[in-house]
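Working notes, structure below.
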Amino acid sequence: MNKSPLAIAVLGSGKGSNCQSLIDAIAAGRLNARLVGVISDVENAYILTRARQNGIAAEFISAAPFKTKLEGEAERRYIATLKAWGADVIALAGFMRIIKPGLLAAFPNRILNIHPALLPAFPGVEAWKQALEYGAKIAGCTVHVVDAGTDTGPILVQRSVPILDEDTPETLHARIQVEEHLAYPEALQLIASGAAILKGRRFYFRGTATPK
Ligand code: GAR
């Protein structure tokens, strides 16, 4: 039996290349989903332009007065918009704010994030730069469920890349982004198909290992 497409809303603050990877994966039939809307906390973020170019609802919703988190009246406006769009899942794609309990409670275990490092190493901002400065030899990306911590929730998908001697923060981030654009559609398809089963903080995938 075919499942109905997963209704995904995307939150982002930047250029939106991960949002584009979801649009492309849906168009290619690799992700059984539809993007119901995109919200940005940055008025001129390119992610909003991309969404509009693809006929997807796109809204700037200010998160002021807070600088690094989404809380209070702004959080309530985000929740109302996401509910009005009928979102099943929220995909954070370069959304540079901490998600607080109000939004977490509105979409329990239904908020995903893509992080540019192999968690639990290098949580927080500019994770690729942290990995390079630390002297790590392998970097990558992680798609995980968002919980009350910073980049601490259950992991769905990870993909790795080498760190090369000649890397700059920019070249390493670009290499990680190539993998992000594969990992995010893959992770969301695991949710869309119903294959992903969460036990404790560990995901199992129907058809592979059996949950213990
Ligand atoms: C991505 O590399 C994503 O992993 C990162 O921001 C970039 C957004 O790129 N997110 C974080 O650092 C979250 N802590 P995009 O706007 O092109 O998708």
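Just so you know, these numbers use all the heavy atoms, side chains as well, and skip hydrogens, waters and symmetry mates. Numbering of ligands and ligand atoms starts at 1, following listing order.
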Would Gly12 count as a contact of ligand 1 if the rule is a heavy atom under 4.0 Å away?
-> no

Would you say Ser17 has any N or O atom under 3.5 Å from an N or O of ligand 1, going by distance alone?
-> yes

Could you tell me whether Leu198 atom CG has more than 12 heavy atoms of other residues or ligands within 6.0 Å of it?
-> yes

Please determine if Ala93 has a nitrogen or oxygen closer than 3.5 Å to a nitrogen or oxygen of ligand 1.
-> no

Cation-pi, Phe66 ring and Lys100 (6.0 angstrom, 45 degrees) = no

Please determine if Glu180 and Arg159 form a salt bridge, counting it only when a charged side-chain N lies under 4.0 Å from a carboxylate O.
-> no

Check ligand 1 against His115 and write out every atom of the ligand that is under 4.0 Å from a heavy-atom position of the residue.
-> 4 (O), 14 (N)

Taking NZ, NE, NH1 and NH2 as the nitrogens, is one of them in Arg110 or Asp88 under 4.0 Å from a carboxylate oxygen of the other?
-> no

Is the shortest N/O to N/O distance between Glu180 and ligand 1 below 3.5 Å?
-> yes

Looking at Gly94, which atoms of ligand 1 are within less than 4.0 Å of one of its heavy atoms?
-> 6 (O), 8 (C), 10 (N)

Do Asp147 and Leu104 pass the side chain to side chain contact (heavy atoms under 4.5 Å, CB included) test, and can you show the C-alpha distance, the side-chain angles, and the key distance before you say yes or no?
-> CA-CA 7 Å; Asp147 66 8; Leu104 289 174; 5.7 Å; no

When distances are taken from atom 16 (O) of ligand 1, the protein heavy atom at minimum range is Gly16 N, 2.8 Å

Can you find a heavy atom in the side chain of Val143 that is under 4.5 Å from one in the side chain of Asn113?
-> no

Within less than 4.0 angstrom of ligand 1, does His173 place any heavy atom?
-> yes

How close does the nearest protein non-hydrogen atom get to atom 13 (C) of ligand 1, and which residue and atom is it?
-> Met96 SD, 3.9 Å

Examine the proximity of ligand 1 to Glu126 and report which part, side chain or backbone, both or neither, has a heavy atom under 4.0 Å away.
-> neither

Around Tyr134, counting heavy atoms of other residues, nucleotides and ligands shown, do more than 12 lie under 6.0 Å from its OH?
-> no

Return yes if some donor-acceptor pair links the side-chain N/O of Thr142 with the main-chain N/O of Leu119 below 3.5 Å, else return no.
-> yes

What residue and heavy atom of the protein are closest to atom 12 (O) of ligand 1, and at what distance?
-> Pro116 CD, 3.5 Å

Got a salt bridge between Asp167 and Arg175, using NZ or NE/NH1/NH2 to carboxylate O under 4.0 Å?
-> yes

For atom 7 (C) of ligand 1, what is the nearest protein heavy atom, given as residue, atom name and distance?
-> Gln177 NE2, 4.1 Å

Sub-4.0 Å atoms of ligand 1 with respect to non-hydrogen atoms of Ile114 = 3 (C), 4 (O), 10 (N)

